[in-house]
Amino acid sequence: MKAYIQESFEQAYGKPADKIFFAPARVNLIGEHIDYNGGLVMPCALGNGTYLAVRKTEDNMFTFRSLNFPDSVHQVPVNTKGYTKQDSLWINYPLGCIDYFTREGATLSGLELLFYGNIPNGGGLSSSASIELVTTFALNTLFDLGKNQVELVKISQQVENKFVGVNCGIMDQFAIGMGKEDHAIILDCQTLEYTYTPFVLKDDTLLIINTNKERKLADSKYNERRATCEAALEIFNKTENFKDLCSIPAEYFEANKHLLTPEMQQRVKHVIYENLRVKASEKALKLGDIEKFGELMSASHKSLMEDYEVTGKELDTIYLESVNFEGVTGVRMTGAGFGGCAIALVKNDRVDAYKKHIEKVYTEKIGYAPSIYDVSIGDGTREI
Ligand code: GLA
């Protein structure tokens with residue numbers, strides 16, 4: 001892949017790149033809609049992701065190209081005052097990163113940039129966070145900006161929140177910045193303390209099933225869920241002083257849930273018990289109990305389907321057609337939901353039968369085919 005990127009860079013710009021960087025995509029194994037509620041999540045970085053080849057220039061311009069959009073070139077001048085979001089969508093991610101450092105007072109100079117992503121588009125595997133991390137990492141290296149990896153993670157989240165305008169939590173950027181080969185990250189989203197737990201499968205294969213559904217309403221529904229969680233916390237905090245929903249003991253919630261509207265009760269129930277499922281998952285993985293972990297994955301989907309209501313018929317078809325299929329250890333949606341991808345742990349000798357089954361029933365019920373990929377768990381953002 002490195003040779004291909006190098007060659008493509010020379011073809012596009014006529015000179016070799018100075019450096020090449022890579023940031024992965026991510027999946028979340030368990031702990032969904034938890035990061036913005038201050039609890040525990042368990043994501044990992046993937047082998048696929050975004051490549052960025054860069055060369056410093058003397059022309060005081062940032063020139064953006066992407067092998068994914070071969071017909072377009074975008075140029076913006078080096079500008080010490082900062083930038084505003086542009087109409088053309090994809091360059092806003094790198095431009096937001098440049099904007100961040102520019103406003104912080106960093107001295108940047110012209111660059112030729114060439115991006116290439118092999119993350120399925122719109123699949124909810126965080127291609128946007130991957131572009132942000134590869135860009136902040138590259139700028140930090142090229143201009144000696146002195147940030148550590150966790151700082152780059154936080155900067156990338158700020159770019160997404162403030163420049164791109166999507167109100168996401170910290171999980172995606174953290175997983176992409178800090179991933180480790182064959183390990184899941186257990187991240188406390190309140191303190192940003194983290195540990196790694198080995199995620200090495202013997203009898204099972206981890207698959208990604210892309211619904212291939214267009215994720216149109218995802219952002220507005222996502223914001224709605226966040227607002228409901230905040231409103232529920234405020235109600236409890238009229239008499240208590242909880243930092244976030246994940247700090248609320250299950251016993252307290254059960255004794256006081258009547259204070260909330262029925263809808264809020266459902267949402268908070270998911271959050272509190274999902275956070276406990278992450279703790280139980282950590283324990284199961286440490287004991288090498290993949291069956292238990294699979295059960296927790298499936299319980300997570302059920303809760304996201306029935307209580308948090310962020311799944312939809314595409315993801316639920318995958319779940320319902322998988323959960324009792326022979327050889328499936330666990331299955332759940334991953335990421336924000338409303339389309340995007342599901343993940344499944346399937347016994348190695350049942351993978352072919354499983355793929356055939358899901359492709360057939362999904363296409364029959366939904367009207368178009370899903371895409372199914374095998375996944376490897378890789379390292380975080382780096383120079384290659
Ligand atoms: C999206 C957001 C994350 C997280 C997940 C749900 O991927 O970007 O911050 O909230 O949804 O777990």
Side-chain angles (χ1 to χ4, degrees), residues 1-25 48-104 106-119 121 126-147 149 151-153 155-160 162-164 173 176-177 380-384:
M1 187 57 84
K2 193 176 168 187
Y4 169 66
I5 304 290
Q6 243 154 359
E7 227 169 80
S8 309
F9 187 93
E10 262 193 81
Q11 247 171 40
Y13 291 111
K15 286 191 177 159
D18 296 335
K19 287 181 185 295
I20 301 182
F21 302 91
F22 174 77
N48 287 13
T50 312
Y51 295 82
L52 168 59
V54 204
R55 194 178 77 85
K56 278 192 181 177
T57 63
E58 306 290 317
D59 66 357
N60 273 326
M61 292 298 259
F62 296 114
T63 306
F64 301 92
R65 290 177 198 256
S66 164
L67 294 176
N68 300 81
F69 307 101
D71 297 333
S72 64
V73 187
H74 301 274
Q75 279 202 310
V76 295
V78 173
N79 179 344
T80 50
K81 294 211 174 69
Y83 298 88
T84 43
K85 199 173 161 184
Q86 302 223 341
D87 284 344
S88 114
L89 204 63
W90 80 267
I91 75 155
N92 282 316
Y93 300 107
L95 192 61
C97 301
I98 291 172
D99 178 67
Y100 177 90
F101 287 117
T102 300
R103 285 177 201 274
E104 222 196 34
T107 310
L108 307 182
S109 57
L111 293 174
E112 288 169 342
L113 305 111
L114 178 71
F115 290 85
Y116 172 62
N118 57 6
I119 305 171
N121 260 348
S126 293
S127 50
S128 56
S130 177
I131 303 180
E132 286 151 9
L133 254 306
V134 85
T135 312
T136 52
F137 190 98
L139 294 172
N140 190 47
T141 309
L142 292 164
F143 297 108
D144 258 332
L145 301 175
K147 306 287 184 195
Q149 198 85 345
E151 286 170 329
L152 296 179
V153 163
I155 291 168
S156 298
Q157 185 203 11
Q158 273 198 43
V159 169
E160 184 82 39
K162 299 202 175 127
F163 193 87
V164 179
Q173 284 80 6
I176 287 167
T381 306
R382 59 200 184 266
E383 187 177 341
I384 54 169

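Everything numeric here is computed off the predicted structure, so don't read it as measured data. Just the heavy atoms: all of them, side chains too, but no hydrogens, waters or symmetry mates, feed the values below.
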S.K.: Can you name the closest pair of heavy atoms from L113 and Y13 and give their distance?
M.R.: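 What the structure gives for the nearest pair is O-OH, 2.7 Å.
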S.K.: Using the side-chain contact (heavy atoms from CB on, under 4.5 Å) rule, pick out the option among T135, I5, I91 that qualifies with F115.
M.R.: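 Per the side-chain contact (heavy atoms from CB on, under 4.5 Å) rule, the option paired with F115 is T135, out of T135, I5, I91.
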S.K.: Is there a donor-acceptor pair closer than 3.5 Å between any side-chain N or O of K85 and the backbone N or O of V164?
M.R.: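 Judged by distance alone, yes, a pair lies under 3.5 Å.
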S.K.: Keeping N118 on the side-chain end and G49 on the backbone end, is there a donor-acceptor pair under 3.5 Å?
M.R.: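 Yes, the answer is positive, given that a donor and an acceptor are paired below the 3.5 Å cut-off.
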S.K.: Decide if atom NZ of K162 counts as having more than 12 heavy atoms of other residues, nucleotides or ligands within a radius under 6.0 Å.
M.R.: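 Incorrect, the count does not exceed 12.
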S.K.: Hey, are the side chains of F21 and T381 touching, using non-hydrogen atoms and a 4.5 Å cut-off?
M.R.: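 Sidechains of T381 and F21: no contact.
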S.K.: Flag the pair N68 / Y116 as yes when at least one side-chain heavy-atom distance between them is below 4.5 Å, and no otherwise.
M.R.: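 The answer is yes, as the side chains (C-beta and beyond) meet within the 4.5 Å cut-off.
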S.K.: Hey, could you give me the SG/CG distance between C97 and N140, rounded to the nearest 0.5 Å?
M.R.: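 So the gap between those two atoms works out to 11.5 Å.
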S.K.: Before giving the answer on side chain to side chain contact (heavy atoms under 4.5 Å, CB included), spell out for I119 and T50 the whole-Å C-alpha distance, their side-chain angles and the decisive distance to 0.1 Å.
M.R.: CA-CA 7 Å; I119 305 171; T50 312; 3.9 Å; yes
S.K.: Would E10 and R55 pass as an ion pair if we require N to O under 4.0 Å?
M.R.: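 Here E10 does not pair with R55 in a salt bridge, since their nearest N and O are not under 4.0 Å apart.
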S.K.: Any donor and acceptor pair, going by atom type alone, linking the side chain of Q75 with main-chain N or O of T63 inside 3.5 Å?
M.R.: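 No; judged by distance alone, with no hydrogens or angles, the pair does not exist.
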S.K.: State, with a plain yes or no, whether a side-chain heavy atom of D18 is found less than 4.5 Å away from one of V54.
M.R.: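 No, every pair of side-chain atoms sits at 4.5 Å or beyond.
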S.K.: Please check: side-chain N/O of Y93 versus main-chain N/O of L89, any donor-acceptor pairing under 3.5 Å?
M.R.: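 No; judged by distance alone, with no hydrogens or angles, the pair does not exist.
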